[in-house]
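Just so it is clear: chains get the letters A, B, ... in the order the sequence lines come, proteins before strands, and each one is counted from 1.
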2 protein chains.
Amino acid sequence: MASEKQNTEIRQEQIAVAALKIIGRHGTRALNVVRIAGIVGLVPSAIYRHFGGKDDVIDAVLELVRKRLRANVAAVAAESRDPLEALRLLVDRHITFLCENDGVSTLIFSDQVYSGPKKRKVRIYGVINDYLQEITKLVRDGQEKLFIRSDLEPAAIAVMLLGLVQSPAILWHLSEGTFAVQSQTEQAWQVFERAIRGN
Amino acid sequence: MASEKQNTEIRQEQIAVAALKIIGRHGTRALNVVRIAGIVGLVPSAIYRHFGGKDDVIDAVLELVRKRLRANVAAVAAESRDPLEALRLLVDRHITFLCENDGVSTLIFSDQVYSGPKKRKVRIYGVINDYLQEITKLVRDGQEKLFIRSDLEPAAIAVMLLGLVQSPAILWHLSEGTFAVQSQTEQAWQVFERAIRGN
DNA sequence: CGATGGTGTGAACGCGCATTCACATTGTTT
DNA sequence: AAACAATGTGAATGCGCGTTCACACCATCG
């Protein structure tokens, strides 16, 4: 019944993806090595061939999230013609990302965060800050090109944008998909855009 | 070393408060009967005189949160002269509430939510919806009195308001109090108010 | 061909923690 | 005063789960 041998790098990737999937579907509490191993097709102890322990796996998941967030920003920057449109596209992508991976929200608040090494909290803050930083760049760019009012701090706009999406996402997955996340985000974006658009 | 006997109702209150405090300071993972009992001044097994189990304790914490959120809305409604001012006061109160009780944010996303009985998720959704409902009332009132644009759905405004506060709160407690939550909320409110204020 | 290192396996250990139970204490009712 | 219900105590139980370890397999290198 032995699984085929795989390179550690591949396994690490598989394990991180599996972990994120578990967190998304069943919450961080359901994240245990048995389940992870099950998805990857390994025996629990095999996990320790590729990671020092559960904590390291969680760190890997965080890096995965960081990558995907970065990829989203890069994508919208490429697709759009102006920064304001880019922000709108980012809102769409971000909400989709959060809805498809409930785990992202839960991981950030997870007890795993607070129980783990203190570095954990710092690391999560870093991931979010990275993301905010990139959004801030978009905003600043929009201000320079006069698409966005320049009497507002770019960083503050970025945080607002995050909040715009976060609440609907929470409500969506608490409501088991009942909450009209699409409509809510749509309206919120319009209000938001009117408030920040350059005159 | 025996504690004085107390009425079950009093104990239930004490236990819920203790639990919320633990969640806030150390995360939901640190929420165990030993710790709760320690704070209340009881022996672990005594908890079971007042609650059926840990799950019931968590439910009690949720009710505690519901009460406090309701109290906040009632307070600002009483303090303010117009609905728009009420909303601004509510933002202040809500951010304070979230910062003082980190536990509220963590509890909502907690694995405990997803692991517990399915009713748990519904219950949390209910708590938030209650709160949203009350905010929506304020908004609608503001629209009728022409303080708020009436071409916007009251419920959508309410959700936006929540998002306005939530992100800063998250960043604040991830950053260990470094993040300038006050300044952020201030700016966000101004942008938001300009967007929704009746012409 | 033998050695070595990387990967997978199954069993076992140990800890944290929720829960239970028999017993003690206190307050109230009859 | 006796009986009973409510509350508090300490010990014991049992489970989930992270982690470790000795062993097996297999590729690559010398």
Under 4.0 Å between a side-chain N or O of A:S45 and OP1 or OP2 of C:dG8? no
Does the base of C:dT25 carry an N or O that pairs as donor and acceptor with the side chain of B:K5 under 3.5 Å? yes
Does B:R29 put a side-chain nitrogen or oxygen below 4.0 Å from OP1 or OP2 of C:dG16? no
Starting at CD of A:E4 and ending at P of D:dA24, how long is that distance when rounded to a whole Å? 22 Å
Between P of D:dT9 and CD1 of B:I47, the distance in whole Å: 10 Å
Answer yes if the side chains of B:Q14 and B:R11 hold a donor-acceptor pair under 3.5 Å, and no otherwise. yes
Assuming nearest nucleotide by heavy-atom distance, tell me which of A:V34 and B:Q6 is located more 5' along DNA chain D. B:Q6
Regarding the side chain of A:R49, the nearest nucleotide among D:dT19, D:dT9, D:dC23 is D:dC23
What's the CG-C1' distance between A:N7 and D:dC26, to the nearest Å? 15 Å
Measure from NZ on A:K54 to C1' on D:dT20 and round the result to the nearest Å. 17 Å
Calculate the interatomic distance between B:L42 atom CG and C:dA18 atom C1'; express it in whole Å. 16 Å
Among C:dT9, C:dA18, D:dT7, the one nearest A:V43 by side-chain distance: C:dT9
Identify, between A:T8 and B:G52, the residue whose nearest nucleotide on DNA chain C lies closer to the 5' end. A:T8
Cluster question for you: counting only ILVMFWY and a side-chain heavy-atom cut-off of under 4.5 Å, with indirect links fine, are A:L146 and A:I148 together? no
In this structure, which one of A:R66, A:R70, A:R140 forms a salt bridge (Lys or Arg N to Asp or Glu O under 4.0 Å) with A:E134? A:R70
Please give, in whole Å, the distance from D:dG16 P to A:R35 CZ? 12 Å
Can you tell me if the side-chain N/O atoms of B:H50 get under 4.0 Å from OP1 or OP2 in D:dA6? no
Establish, yes or no, whether a centroid distance under 6.0 Å links the rings of A:F179 and A:H173. no
Neighbour count >12 (heavy atoms, 6.0 Å) for atom CD, B:E79: yes
Send over the distance from B:Y48 OH to C:dT20 P, rounded to a whole Å. 7 Å
What's the CD1-P distance between A:I22 and D:dG18, to the nearest Å? 10 Å
